[in-house]
Student: 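Dropping a structure here in structure tokens format, bear with me for questions.
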Amino acid sequence: MSIVPEIKVKVAAVLKEMYGIETTESELTINSTKPEFEGDYTLVLFSFVKSLKKSPEQLGNEIGDALVKAHPALFTGYNVIKGFLNLTVADSYWICFLQSNYNQRRFGSKPANGQKVMVEYSSPNTNKPLHLGHLRNNFLGWSVAKILEESGYEIIKSCIVNDRGIHICKSMIAWQKFANGATPQSTGVKGDHFVGEYYVKFNDAYKAEVDQLINEGMDKATAEKEAPIMKETQQMLQDWEAGKPEVINLWNMMNSWVYEGFDVTYKRIGSDFQKMYYESDTYLLGKQFVEEGLQKGVFYKKDDGSVWIDLTADGLDEKLVLRKDGTSVYITQDIGLAQQKYDEFKYDQSIYVIADEQNYHMKVLKLILQKLGKPYAEGVYHLSYGMVELPTGRMKSREGTVVDADDMVDEMVNVAKQKTEELGKVKDFTEAELKELYDTIALGALKFFLLRVDPKKKMIFNPEESIDFHGFTGPFVQYTHARIRSILRKSEVSNQKSAATGLLKLEKDIVIMLEQYPTILEQAVAEHNPSVIAIYVFNLAKAFNTFYTEHSVMNAESEEKKQLRLQISEMTANVIASGMSLLGIRVPERM
RNA sequence: GGUCCGGUAGCUCAGCUGAAUAGAGCAACUGCCUUCUAAGCAGUAGGUCACAGGUUUGAAUCCUGUCCGGAUCACCA
């Protein structure tokens, strides 16, 4: 058991024995003792003062006395200040904890719990390359999956590719019109970027046609509908749905270009999936549920044949689930896909990593599944994350302010290279080693930057800050790891029982933090939130650096001290490495 | 307009299941490399926690209202 719950159990026993009051764990507040006071953990006394009719000081002294007397191996002292009982945990407890965990590679991980979780993330469109927003999504989804996996869940990472629809036809039409048969191969442009260029070309051509029609006296709305290129695109969508071979061939060809490009990007940023879904396969799913919903009285049909669900009683609106022409809408497809996923994997939980602009949609999806009585409805969880904005405001593809994912990674690699060369610490590295190091640092910086903020909140991406490798950053944590590894390379850590008997303040600070790691991991799981790990790992690295400048490991005062510090160092390196791995960040031996 | 989310130091963010004098990083200023990697450390300065009420022994945190910003409410996806 972790130390905090253990303290709570002991306190509860004392309260029961001395005053006859029953307390639950949540009624007891144990905080880390503020650095300006003596002690490790603090019990807040106020809540008992009233019912026990004792002054906080008296109560604190009584409880403190009883705790020290009953558990001399755990508590070595206490002090009471105002309504706070500050408890000092025995050094021997911390040393023993360190001794038994310092060389564990996966401290904090849990055995399989039999629960199966699907995590759907990334969800790209096949008409343009990935951008900064996708990166946040990919890093989040991957990390949450990894965090759950480390905590004993079986994970299936999945991805739904939006590979059909009007937006896909736009780039197809533009390619037909403007490409003269050009291909990624013939131009040397990465496939997803290549196709993205034609999507842009479509919009340019479309805009020109609309402007011309307006100049000829047409109103804007009509012009947007009547523009010839738009009509061609809509025709193409119909041809696609009808399965017209030349359209399908073109579609297959252009999508394959995009996938080649995506493969490169995914590999580079470390995204992977066990199961791919394609909207072209799933867009017709869900229609069967319309009939089921009608029979169960969950849906109703309007005179024009369209089918709806009334969610006004749940504080939402009426929502269309089937068009009057009998085709399904997005939400209907999602119902179908949820069922298909469940049929195949029988998941306990299904996490959808989708931006918060779809909060309403996901609420509706879950509600409909519940109303249809689906057994998996409760397990549907929308991991909603905020949009990434630039200091200048929202990214807008039409205004060309979108930050491209590949460009972003390239730039980070360049910065990593430049800074590494400036510092000149790894001049003996081979080309291959250098390349790997630049990648490790670049992606570490980028991932840490995007994962360190609470997913729920929108974030401002400041390019200048993102290339800073000092302070609250991935490279700072990586650097701390490299520093520790440097020490460990030079010295054997003895597996002998530590002979050390006491801990200095800065030594204990680190051990206390290390002990908290499993609790932090639990919090990250409960909140589906990687940022708590990023923050923790940064604080741990910071504490180690403080210790490092103050005390020497290699030239410690005694052999016992040296061994103790080596153990602290090794465990810190291990916890940094595993914490960072949960964020999808590698950690170098040297940098 | 309805619903939802947010407003904490110049900037980016923690803290939000109530608890001690509100914390980091960046930016600014001061120091520290003959000693295990200075991508580091130590220090100074910087706050009416949007505003007003309320609950409480105690509120950045909970409740109500107001102001400001954003998202959403498509037979789009």
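The sequence lines fix the lettering, A, B, ..., with proteins before strands; numbering per chain opens at 1. Bear in mind the structure is a predicted one, so any value in this text is a computation, not a measurement.
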Student: A28(B) and G70(B): how far apart are their C1' atoms, nearest whole angstrom?
Tutor: 32 Å
Student: Under 4.0 Å between a Lys/Arg side-chain N and an Asp/Glu carboxylate O for E433(A) and R590(A)?
Tutor: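 Judged by the 4.0 Å cut-off on N to carboxylate O distance, E433(A) and R590(A) do not form a salt bridge.
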Student: Taking syn as a glycosidic torsion within 90° of 0 and anything else as anti, which one is C26(B)?
Tutor: anti
Student: Does A22(B) have OP1 or OP2 under 4.0 Å away from a side-chain N or O of K34(A)?
Tutor: no
Student: Touch check for T29(A), heavy atoms < 4.0 angstrom, all strands: base, sugar-phosphate only, or nothing?
Tutor: nothing
Student: For each nucleotide in nucleotides 72-77 of chain B, reading 5' to 3', give B when a protein heavy atom comes within less than 4.0 Å of its base, S when such contact involves only the sugar-phosphate, and - otherwise.
Tutor: SS-BSB
Student: Counting the atoms with a prime plus P, OP1 and OP2 as sugar-phosphate, which does E589(A) contact under 4.0 Å by heavy atoms, base, sugar-phosphate, or nothing?
Tutor: base
Student: Check residues 452-465 of chain A and write down every donor-acceptor pair under 3.5 Å in which the side-chain atom is one partner and the other belongs to a residue at least two apart or another chain.
Tutor:
{"from": "R452(A)", "atom 1": "NH1", "to": "F472(A)", "atom 2": "O", "distance (Å)": "2.7"}
{"from": "D454(A)", "atom 1": "OD1", "to": "K456(A)", "atom 2": "N", "distance (Å)": "3.0"}
{"from": "N462(A)", "atom 1": "OD1", "to": "E464(A)", "atom 2": "N", "distance (Å)": "3.0"}

Student: Pairs under 3.5 angstrom, nitrogen or oxygen only, protein versus nucleotides 56-58 of chain B, please.
Tutor:
{"from": "U57(B)", "atom 1": "OP1", "to": "K50(A)", "atom 2": "NZ", "distance (Å)": "2.8"}

Student: What distance, rounded to whole Å, do you find between the two C1' atoms, one in G69(B) and one in G25(B)?
Tutor: 25 Å
Student: For a quick test of reading the model: is some side-chain N or O of S531(A) closer than 4.0 Å to OP1 or OP2 of C13(B)?
Tutor: no
Student: Nearest heavy atom decides the nucleotide; on that basis, is F449(A) or I81(A) closer to the 5' end of RNA chain B?
Tutor: F449(A)
Student: Contact class for H481(A) (heavy atom, under 4.0 Å): base, sugar-phosphate, or nothing?
Tutor: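 The residue H481(A) makes no contact with any strand.
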Student: ring-ring contact (aromatic ring centres under 6.0 Å, His included) with H528(A): which of Y381(A), Y121(A), Y352(A)?
Tutor: Y381(A)
Student: Phosphate oxygens OP1/OP2 of A38(B): is one of them under 4.0 Å from a side-chain N or O of R483(A)?
Tutor: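 Checking A38(B) against R483(A), a side-chain N or O does come within under 4.0 Å of OP1 or OP2.
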Student: What interatomic distance, in whole Å, is found between C1' of A22(B) and the corresponding atom of C5(B)?
Tutor: 24 Å
Student: Could you tell me whether M459(A) contacts a base, only the sugar-phosphate backbone, or nothing, with contacts defined as non-hydrogen atoms closer than 4.0 Å?
Tutor: sugar-phosphate
Student: May I ask you to check whether Y283(A) and E241(A) show a side-chain donor-acceptor distance below 3.5 Å?
Tutor: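 Per modelled atom types, Y283(A) and E241(A) side chains form no pair under 3.5 Å.
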Student: For RNA chain B, list all stems, counting runs of three or more consecutive pairs where every pair is Watson-Crick or G-U wobble with both distances under 3.5 Å.
Tutor: B:1-7 with B:67-73, B:10-13 with B:23-26, B:28-32 with B:40-44, B:50-54 with B:62-66
Student: For Y479(A), is the NZ or CZ atom of K419(A) found under 6.0 angstrom from the centre of its six-membered ring and inside 45 degrees of the ring axis?
Tutor: no
Student: Looking only at atom P, what distance separates C16(B) and U55(B), rounded to whole Å?
Tutor: 25 Å
Student: Hey, which sits more toward the 5' end of RNA chain B by its nearest nucleotide, F476(A) or K363(A)?
Tutor: K363(A)
Student: Can you check nucleotides 6-10 of chain B for protein contacts, nitrogen or oxygen pairs under 3.5 Å, and list what you find?
Tutor:
none

Student: Using the 3.5 Å cut-off, write out each protein N or O paired with an N or O of nucleotides 26-35 of chain B and the distance between them.
Tutor:
none

